[in-house]
Number of protein chains: 2
Amino acid sequence: MSESPVSHEPPIYRRIADGLRARILSGELRDGDRLPGENALMAEHAIARATARQALAVLINEGLAVPKRGSGVYVRLFKPIRRHGSRRLSREQWGQGRAIWDADTRGRPFTVDRVEVVLERATEEVADVLESGEVWVRRRRYSVDSRPVQLATSYFPAHLVQGSAITLADTGPGGVYARLGDLGLPPAHFTEEVRARMPGPRESGLLDLPGGTPVIVIARTAYTSGGLPVELNEMVLDSAAYVLQYDFDA
Amino acid sequence: MSESPVSHEPPIYRRIADGLRARILSGELRDGDRLPGENALMAEHAIARATARQALAVLINEGLAVPKRGSGVYVRLFKPIRRHGSRRLSREQWGQGRAIWDADTRGRPFTVDRVEVVLERATEEVADVLESGEVWVRRRRYSVDSRPVQLATSYFPAHLVQGSAITLADTGPGGVYARLGDLGLPPAHFTEEVRARMPGPRESGLLDLPGGTPVIVIARTAYTSGGLPVELNEMVLDSAAYVLQYDFDA
DNA sequence: AAGTGGTCTAGACCACTCA
DNA sequence: GAGTGGTCTAGACCACTTA
């Protein structure tokens, strides 16, 4: 029960990380600037290699820095794409033959790759939402400025879209929503569920995410005016690349 | 230029992490279960302490596990609160003297603490949005099941709310939106901007976040029917505690 | 070729939890 | 008091980047 007047100072690696963070947030170190590396920190603070690494790991895990093998650790910025919820899905957008995504990138060039269109048995969750045991699944990856920013997987009830262009790689002008319209099933109502978490190794690889970057996961369900669910779209976004915007009335 | 038939196997710590992750995702290890600790991994795989720690750090940084000092590393679940965007702010909610938050917790008890109400000079960003140089600032922390889940900071143009209960700790029945109504400034339109990132040390402390937990940051601006901005609310949510839901029409 | 981060070993002492 | 995770040292070899 001895009184120990220990000052409860944070550990060395934390104090070093705090110092570097302050220099980043104050603007002294700007986006893309090189941070002092492991060797520099070892010399400057007279610490061991592992301790210097630990300090840098703090900033990397906070998403404020990104390591480049063989080169150094660099300050990292937040330059997001603005993604509109309510507004971007307005009928004017897709009713006139334009893809939804256009509204997202605001003129920045984007590309789609790794497109895969297959017929599958629905998982329990998907079957519950779409009220269908068999689904057409469209998987693809979106990139902006040749940087991957989003993975998307769309599910459609097989019996509704069988034979339409939705089952093909190229869905034609206006995308899948225009095709749903052709089928007499235009989406009228949307529900988006949004959460955030750290990526798994697969997502991390496909989106080329540095450590410390969470993903935003959006599950969007599209319903016809009659309340029939016609699409479930699961999107995984690089959180460093996006800001979501939702507008609504009281 | 020698051809090296190296199999590019992932490093030891990654393979161990992959194995543990698989056991978690398969359901073999359930929420709250104890993972093999550092000593167990060292013995089982004949590796050094640091390597075992590194393997566990992967899962901790992915948010799949949470370390308890002196006890062990435990599997961690995702049991979110559902937060409604459009629906929860409908006029019926706050027009009848109920606080907005009620709709969030679905009957689960919640508490507010660390309430702070002060008059401040607006930062540049806040001044831009609210078109006001001086603002009343309301800071508070929300907890559910005595666990902190959200930090919120609301800004009000000082000249609009001066003298109202908005400048007091207790805003009375219906909360600040009811008071804005009393002032003839009922919110009619909302914009929410949503992003996700890793928390800083301050947020990490106030929300008691384990490693590997991102935060969701929501900036909500409330406008009157005339388009006058009357509130800017910056919310920082524990991403492991929330799912956001937005409903809207095409 | 020199410097960087990535991985790993083999120790050490500490604070904390739990039976 | 035994076991746990938290911090730290002092080395080592590797792959990669940059010049």
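What you see is a predicted model; the values in this text were computed from it and never measured. Residue numbers begin at 1 in each chain, while the letters A, B, ... track the order of the sequences.
Under 4.0 angstrom from either OP1 or OP2 of dT7(D) there lies no side-chain N or O belonging to T51(A). Contact between the side-chain N/O atoms of R53(B) and the OP1/OP2 oxygens of dG6(D) is found at a separation under 4.0 Å.
Contact annotation: side chain of R49(B) to base of dG5(D), donor-acceptor pair present below 3.5 Å.
Of the listed nucleotides (dG5(D), dT9(C), dC8(D)), dC8(D) has the atom at the smallest distance from the side chain of Y13(A).
Across all strands shown, R14(B) has no heavy atoms under 4.0 Å from either base or sugar-phosphate atoms.
A pairwise comparison of heavy atoms in N233(A) and R140(A) identifies ND2-NH2, 3.8 Å as the closest pair.
When the ring pair (Phe, Tyr, Trp, His ring centres under 6.0 Å) test is applied to Y155(A), no partner is found at least two apart in sequence or on another chain.
Only at 4.0 angstrom or more do the heavy atoms of residues 199-208 of chain A sit from any atom of DNA chain C, so none qualifies. Within residues 54-67 of chain A, the residues that place at least one heavy atom under 4.0 Å from DNA chain C are, in residue-number order, P67(A).
The residue among E38(B) and A46(A) whose nearest nucleotide of DNA chain D lies closer to the 5′ end is E38(B). Comparing Y74(B) and A50(A) against DNA chain C, the residue whose closest nucleotide sits nearer the 5' end is A50(A).
Contact check for V73(A) versus L59(A): no side-chain heavy atoms found under the 4.5 Å cut-off.
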